[in-house]
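Comments concern the structure below.
Bear in mind that the values here come from a model prediction, so they are computed numbers and not experimental data. Order of the sequence lines sets the chain letters (A, B, ...), proteins ahead of strands, with each chain counted from 1. No hydrogens, no waters, no symmetry mates; every other heavy atom, side chains included, goes into these values.
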Protein chains: 2
Amino acid sequence: MTAARSRDRATWGTVREELRARGMRWTPQRRQILQVLAATDGHITGSELLERCRKLDPATTPSTVYRTLDVLEELGVIRHSHGLDGREEFHVQPVAEHGHLVCSSCGASREIDAAQAAPIARAFRRTHDFDIFLDHLTLAGRCAACRAAQAG
Amino acid sequence: MTAARSRDRATWGTVREELRARGMRWTPQRRQILQVLAATDGHITGSELLERCRKLDPATTPSTVYRTLDVLEELGVIRHSHGLDGREEFHVQPVAEHGHLVCSSCGASREIDAAQAAPIARAFRRTHDFDIFLDHLTLAGRCAACRAAQAG
DNA sequence: CGCCTTACTGCAACTCGTCGCAGTTGCATC
DNA sequence: GATGCAACTGCGACGAGTTGCAGTAAGGCG
Ligand SMILES: [Mn+2]
Ligand SMILES: [Mn+2]
Ligand SMILES: [Zn+2]
Ligand SMILES: [Zn+2]
């Protein structure tokens with residue numbers, strides 16, 4: 001984990017106040033989930049998060065973890081996209097908005113930043129009057145290496 | 001269901017020979033699944049297919065249906081993309097290759113045809129040497145109506 | 001037609017995730 | 001510090017989908 005990629009301490013600390021401001025509660029379970037997320041770089045699935053929480057507290061239950069992920073996404077603290085298998089993958093914030101480009105053959109994954117996605121967003125805005133959510137975008141396809149390997 | 005959108009009788013009929021050619025077998029279960037798919041317009045999920053098969057034969061089992069979907073996708077008879085919830089949605093062939101544009105707020109969905117996707121495909125081919133699979137693409141976002149509704 | 005190989009089916013157990021409900025607890029207020 | 005309300009947790013049942021395995025049957029061949 002690098003400081004550049006994860007929410008800094010001060011930002012994570014505001015979650016408690018963001019919850020209170022909405023009439024929601026700060027519980028030991030939520031504190032622990034946030035602690036694990038703060039130590040996570042990049043992406044994490046619900047079941048991975050559950051597993052890591054259970055290392056700290058084996059009594060952690062699935063429903064609490066999944067419901068907390070929903071709450072945190074409503075607050076904007078995390079966002080999700082989907083892997084090739086369709087499972088949700090959560091991003092900790094405030095990483096720059098980005099999509100993913102994944103090779104169906106080898107699983108290699110690259111991020112698509114806002115600049116790269118801008119032409120696509122503009123095209124659908126113009127032709128369909130539709131705003132694309134880059135954070136939710138996963139493009140599947142075949143990378144150069146896999147295309148070359150199969151070409152023979 | 002319209003003739004224009006579903007695989008015609010002759011094309012569905014070739015599936016039996018395509019299976020045989022690969023050393024696979026033509027079974028009553030597969031015949032029935034294909035019968036349901038032939039009567040399906042547009043998209044269908046695995047559990048929807050299971051449910052429809054069970055109307056014809058209540059003894060239909062999940063594993064056979066899901067495994068048959070895998071086989072048919074390998075043969076190229078169907079393809080899948082993912083709904084906003086991540087679940088697989090199968091397309092019967094030979095519908096023209098297309099992606100989807102789905103509004104996260106109201107669920108409205110439009111198809112993206114090859115012509116509309118061509119600029120995107122070209123861009124990623126050029127900048128990342130990566131071939132996009134249009135059939136697998138689902139773009140999430142917000143439609144004009146929902147944007148207007150929320151603007152106030 | 002009957003045999004044999006092996007693809008396939010159905011089952012049971014499992015994973016991931018969701019949901020209603022009853023009991024618990026955060027936290028605001030006095 | 002005690003009280004009370006509602007948000008939250010944990011439970012148990014459930015839905016969707018996957019997988020190993022043992023028994024079944026498709027279909028090629030004699
Ligand atoms: Mn997929
Ligand atoms: Mn999603
Ligand atoms: Zn690859
Ligand atoms: Zn909409």
| query | Roughly how many Å is it from OH in Tyr66(B) to P in dT9(C), rounded to a whole number? | reply | 15 Å
| task | Starting from the 5' end of DNA chain D, give me the residue, Pro28(B) or Gly46(B), whose nearest nucleotide shows up first. | result | Gly46(B)
| Whole-Å gap separating P (dG17(C)) and CG (Asp85(A)) | 9 Å
| query | Under 4.0 Å between a side-chain N or O of Gln29(B) and OP1 or OP2 of dA25(D)? | reply | no
| dG17(D) P sits how many Å from His82(B) NE2, rounded? | 11 Å
| Roughly how many Å is it from CG in Leu50(B) to P in dC11(C), rounded to a whole number? | 13 Å
| field | Side-chain donor/acceptor contact of Ser63(A) with base of dC11(D) under 3.5 Å | value | yes
| query | Which value, rounded to the nearest 0.5 Å, describes the distance between Ile78(A) atom CD1 and Ile44(A) atom CD1? | reply | 9.5 Å
| message | Working to the nearest 0.5 angstrom, can you tell me the gap between Cys143(B) SG and His128(A) NE2? | response | 12.0 Å
| task | Check each of His136(A), His100(A), His82(A), His80(A) against His91(A) using the ring pair (Phe, Tyr, Trp, His ring centres under 6.0 Å) test, and report the only one that passes. | result | His100(A)
| task | Give a yes or no answer on whether the side chain of Arg20(A) reaches the backbone of Trp26(A) with a donor-acceptor pair at less than 3.5 Å. | result | no
| query | Are Val71(A) and Val65(A) grouped together when hydrophobic residues (ILVMFWY) are joined by side-chain heavy atoms under 4.5 angstrom apart? | reply | yes
| Check: Glu48(A) side chain, Thr45(A) main-chain N or O, donor-acceptor pair, under 3.5 Å | yes
| field | Separation of dG17(C) C1' from Leu49(A) CG (nearest whole Å) | value | 13 Å
| field | Donor-acceptor pair (no angle test) under 3.5 Å: Arg67(A) side chain, dG10(D) base | value | yes
| request: Using whole Å, report how far CG of Asp70(B) lies from C1' of dG17(D). | output: 10 Å
When you compare the protein's N or O atoms with those of nucleotides 27-30 of chain D, which come within less than 3.5 Å of each other, and at what distance?
from    : atom 1 : to       : atom 2 : distance (Å)
dG27(D) : OP1    : Trp26(B) : N      : 2.7

| task | Starting at atom CG of Leu69(B), determine the distance to atom C1' of dT18(D), rounded to an integer number of angstrom. | result | 13 Å
| said: In whole Å, I'd like the distance from the CD atom of Gln32(A) to the P atom of dG10(D). | reply: 10 Å
| message | Closer than 4.0 angstrom, basic N to acidic O: yes or no for Asp131(A) and Arg142(B)? | response | no
| message | Does a side-chain N or O of Thr64(B) approach OP1 or OP2 of dC8(C) to a distance below 4.0 Å, or not? | response | no
